[in-house]
There are 2 protein chains.
Amino acid sequence: MDCNCSEYHCPVDTTLNMIGGKYKALILWHLIDNTLRFGELRKLIPQATPKMMTQQLRELEEDHLINRTVYPVVPPKVEYSLSELGNSIRPILEAMYYWGTDYLTQNGLKASCSMKFPL
Amino acid sequence: MDCNCSEYHCPVDTTLNMIGGKYKALILWHLIDNTLRFGELRKLIPQATPKMMTQQLRELEEDHLINRTVYPVVPPKVEYSLSELGNSIRPILEAMYYWGTDYLTQNGLKASCSMKFPL
DNA sequence: CCGTATCCCGTGCGATACTG
DNA sequence: CAGTATCGCACGGGATACGG
């Protein structure tokens with residue numbers, strides 16, 4: 001993988017390997033300027049089953065894109081937030097958001113789902 | 001899919017549905033400022049089998065992101081290029097490229113694979 | 001509340017061979 | 001050269017149930 005450019009690596013492919021997972025970009029998007037709990041993320045992305053949500057969150061954590069904070073209380077409380085590295089992904093997500101919004105409006109469809117950026 | 005935000009659509013998800021395919025972003029990336037033939041794309045992305053390459057190209061064409069031009073000659077000659085819509089994706093791909101490059105260099109790895117943008 | 005554990009099915013996708 | 005056709009299987013990922 002990674003473009004197999006001998007010992008060199010392809011930047012675009014590298015980025016995709018980090019945020020290309022099924023719900024990763026969406027999760028990161030929702031975490032911009034937000035600290036969210038597991039259940040809150042599930043409500044924002046209902047199509048992700050708990051198993052998938054856990055898996056994607058774990059991978060994002062392993063790649064140091066998000067922070068996972070466990071509060072030792074009963075009932076359990078776990079919060080997810082962007083790490084510094086995760087925050088650096090922001091320009092990509094914003095570019096995706098803007099393009100998607102343009103595309104939708106030009107096709108007569110309504111854009112929504114967390115309005116972080118006023119147009 | 002598409003965030004199931006009632007009749008509204010999620011821009012980020014919309015974008016991902018267009019360029020989230022296995023080799024789509026990579027193909028679009030290579031097509032920036034370039035018109036390429038099937039075989040040339042295969043050399044640039046050798047990990048994509050002919051079947052996958054065809055599939056991804058067809059989907060990109062259906063989504064009007066690329067143009068497919070067939071020259072009725074022997075031997076066959078087919079050229080792929082970015083459409084206007086495909087070209088509008090450029091900021092996203094560039095953001096991915098820059099982030100990937102930063103990430104690689106900060107981890108002591110060498111970035112390469114088509115140097116379109118001098119840093 | 002925040003997950004993990006199992007089961008299991010569809011399909012994505014690689015390998016290989018063939019064609020106009 | 002630029003693809004199709006066929007086979008086959010790993011695995012992504014859904015559904016459901018359970019656990020600390």
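Every heavy atom of this structure was used, including side-chain atoms; hydrogens, water molecules and symmetry mates were not. Every chain is numbered from 1 and lettered A, B, ... according to where its sequence line falls, protein lines coming before strand lines.
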Of the nucleotides [options], which one has an atom closest to the side chain of [X]?
| X | options | result |
| --- | --- | --- |
| Pro76(A) | dT4(C), dG14(D), dC2(C) | dC2(C) |
| Phe38(B) | dA15(D), dG14(C), dA2(D) | dA2(D) |
| Met52(A) | dG3(D), dC1(C), dG14(D) | dG14(D) |
| Arg37(B) | dG3(D), dA2(D), dG14(C) | dA2(D) |

Send over the distance from [X] [atom1] to [N] [atom2], rounded to a whole Å.
| X | N | atom1 | atom2 | result |
| --- | --- | --- | --- | --- |
| Met53(B) | dG3(D) | CE | P | 10 Å |
| Lys24(B) | dG12(C) | NZ | C1' | 13 Å |
| Gln55(A) | dG14(D) | CD | C1' | 12 Å |
| Glu79(B) | dA2(D) | CD | P | 9 Å |
| Ile45(A) | dG13(D) | CD1 | P | 14 Å |
| Leu57(A) | dG3(C) | CG | P | 8 Å |
| Gln47(A) | dG14(D) | CD | C1' | 13 Å |
| Glu61(B) | dG3(D) | CD | P | 9 Å |

side-chain N/O [X] vs [N] OP1/OP2, d < 4.0 Å:
| X | N | value |
| --- | --- | --- |
| Tyr80(A) | dC2(C) | no |
| Thr49(B) | dG14(C) | yes |
| Arg58(B) | dT4(D) | yes |
| Lys51(B) | dT11(C) | no |

> Where is the tightest heavy-atom contact between Leu26(A) and Asp13(B), given as atom of each residue plus distance?
Replying inline: CD2-OD1, 3.5 Å
> Taking all non-hydrogen atoms of both residues, which atom of Ile66(B) and which atom of Tyr80(B) are closest, and how far apart?
Replying inline: CD1-CD2, 3.9 Å
>> For a salt bridge (charged side-chain N to carboxylate O under 4.0 Å, His left out) check, start with the C-alpha distance between Arg90(A) and Asp33(A), then their side-chain angles and the critical distance, and finish with the verdict.
In response: CA-CA 10 Å; Arg90(A) 204 169 156 147; Asp33(A) 291 334; 3.3 Å; yes
> Base, sugar-phosphate, or nothing: which does Arg68(B) touch, judged by heavy atoms less than 4.0 Å apart?
Replying inline: sugar-phosphate
>> Categorize Tyr23(A) for me: base, sugar-phosphate, or nothing, with a 4.0 angstrom heavy-atom threshold over every strand shown.
In response: sugar-phosphate
> What class does the angle between the rings of Tyr97(A) and Trp29(A) fall in, given that below 30° is parallel, 30 to 60° is tilted and above 60° is perpendicular?
Replying inline: parallel
>> Name the residue from Arg37(B), Lys77(B), Glu79(B) that meets the side-chain hydrogen bond (donor to acceptor under 3.5 Å, both in side chains) definition with Tyr71(B).
In response: Glu79(B)
